[in-house]
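For the single chain, residues carry numbers from 1 onward in sequence order.
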Amino acid sequence: MRIEWSEELSVNVPEMDEQHRRLVDILNRFYDAVERGEREEGIKQLFHGVEEYTLFHFNAEEQFMADIGYPDLEAHRKTHQGLIDQLHSARERYEGGDRKAAREFVAFVLSWLYTHIAKTDKKYGEYYAARSQAGQ
C-alpha cells in the first residue's frame, strides 16, 4: 500500500515538509520491496531508514522549533523519543525472532505519519506562520 504525499501531511514549512516526505519514501520503499518478494530486505531497509531519518530529522526539527521559540518543544522532544524507543524495541524483538514486531512497527510508523506529522507537527507550523504574520 503505497502512500501519497498530501496537504494533510504538510506543516507548511518547506524544509520540514521535504524531510517528512523522506519518511513517506522510506515506507514506500518498504512496500515496494515486499511487493517484489524481498520482505526481509525491505524490513532491514525500513529499520535502517527510520533510524537514519530520526537522527537527522528530529535534530533539524527540534532546532527549528528552538529557533522560533516554539513553546511545546520539550513535549515534542518526548514524542520523538517515543518513536526512537519503538524503533529500538521493534528491531530488538525482530532480531530476536519475533516476526510480528516488523508488522507492528510498520503500523506504528504509518500511524506516526497521520497522527504526529498531520496533527502534532502542524501545530509548530501554525505557530511559525502566526509569528511570521506578526513580523517576528
Side-chain angles (χ1 to χ4, degrees):
M1 173 185 93
R2 291 186 59 80
I3 301 161
E4 295 296 325
W5 178 262
S6 69
E7 281 304 305
E8 176 187 4
L9 295 170
S10 176
V11 298
N12 296 310
V13 177
E15 178 183 354
M16 295 301 118
D17 282 347
E18 184 57 37
Q19 291 178 21
H20 290 151
R21 281 184 177 97
R22 290 183 193 174
L23 185 57
V24 170
D25 290 341
I26 290 166
L27 279 167
N28 284 336
R29 283 195 304 270
F30 164 75
Y31 291 131
D32 291 345
V34 169
E35 285 182 7
R36 289 190 310 269
E38 301 169 0
R39 185 175 187 280
E40 292 299 315
E41 183 60 29
I43 290 169
K44 288 178 190 172
Q45 289 177 3
L46 176 71
F47 284 133
H48 179 75
V50 171
E51 183 170 45
E52 281 190 343
Y53 171 82
T54 59
L55 288 171
F56 172 76
H57 172 66
F58 289 172
N59 286 333
E61 189 173 69
E62 290 170 10
Q63 185 60 56
F64 174 77
M65 287 186 280
D67 291 347
I68 66 170
Y70 185 62
D72 291 331
L73 173 57
E74 286 308 312
H76 206 103
R77 278 190 176 126
K78 288 179 184 173
T79 65
H80 285 170
Q81 188 59 49
L83 174 59
I84 293 167
D85 293 346
Q86 283 284 342
L87 166 66
H88 293 156
S89 173
R91 184 179 357 211
E92 190 174 293
R93 288 174 45 219
Y94 183 77
E95 290 173 353
D98 182 354
R99 293 304 179 227
K100 71 179 180 180
R103 216 175 18 254
E104 291 170 358
F105 185 64
V106 169
F108 179 82
V109 174
L110 187 57
S111 170
W112 178 270
L113 276 175
Y114 291 100
T115 57
H116 181 80
I117 293 174
K119 293 186 173 117
T120 305
D121 283 356
K122 264 201 196 291
K123 292 177 185 174
Y124 75 69
E126 292 164 358
Y127 180 83
Y128 176 66
R131 282 184 52 109
S132 295
Q133 289 174 349
Q136 295 181 342

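Judged by distance alone, with hydrogens and angles left aside, the side-chain atoms of T115 form a donor-acceptor pair with the main-chain N or O of S111 at under 3.5 Å. In this structure a side-chain-to-backbone donor-acceptor pair under 3.5 Å is missing from Y128 to Y70. For R131 (side chain) and I68 (main-chain N/O), a donor-acceptor pair under 3.5 Å exists by modelled atom type. With T120 contributing its side chain and I117 its backbone, the two residues share no donor-acceptor pair below 3.5 Å. Counting only distance, with no hydrogens or angles, the side chain of R99 and the backbone of Y94 share a donor-acceptor pair below 3.5 Å. Panel note: side chain D17, backbone S10; no donor-acceptor pair is recorded below 3.5 Å. T79 places a side-chain N or O within donor-acceptor distance of the main-chain N or O of H76, the cut-off being under 3.5 Å.
Heavy atoms only, all atoms of each residue included: A33 and G42 are closest at CB-CA, 3.6 Å.
Cluster annotation: Y114 is connected to V50 through the hydrophobic network of ILVMFWY side chains, with a link wherever side-chain heavy atoms come within less than 4.5 Å. When hydrophobic clusters are built by joining Ile, Leu, Val, Met, Phe, Trp and Tyr residues whose side-chain heavy atoms come closer than 4.5 Å, directly or via intermediates, L55 is not grouped with L27. The cluster map of Ile, Leu, Val, Met, Phe, Trp and Tyr, joined by side-chain heavy atoms under 4.5 Å apart, puts F56 and L73 in different clusters.
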*Before giving the answer on side chain to side chain donor-acceptor pair (under 3.5 Å), spell out for H48 and E52 the whole-Å C-alpha distance, their side-chain angles and the decisive distance to 0.1 Å.*
CA-CA 6 Å; H48 179 75; E52 281 190 343; 3.0 Å; yes

*asked:* salt bridge (charged side-chain N to carboxylate O under 4.0 Å, His left out) for R91 and E51? Distances and angles first, verdict last.
replied: CA-CA 10 Å; R91 184 179 357 211; E51 183 170 45; 3.0 Å; yes

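Annotation: salt bridge (Lys or Arg N to Asp or Glu O under 4.0 Å) contacts involving residues 105-118, sequence neighbours excluded, are absent.
D98 meets the salt bridge (Lys or Arg N to Asp or Glu O under 4.0 Å) test with R93; sequence neighbours excluded.
Between H57 and H20, the angle of the ring planes goes over 60°, which puts this pair in the perpendicular group of the 30/60° scheme. The aromatic rings of H80 and F58 lie parallel to each other, with less than 30° between the two planes, well short of the 60° mark.
The pair E126-K123 fails the salt-bridge criterion, with no side-chain N (NZ, NE, NH1 or NH2) lying under 4.0 Å from an Asp/Glu carboxylate O.
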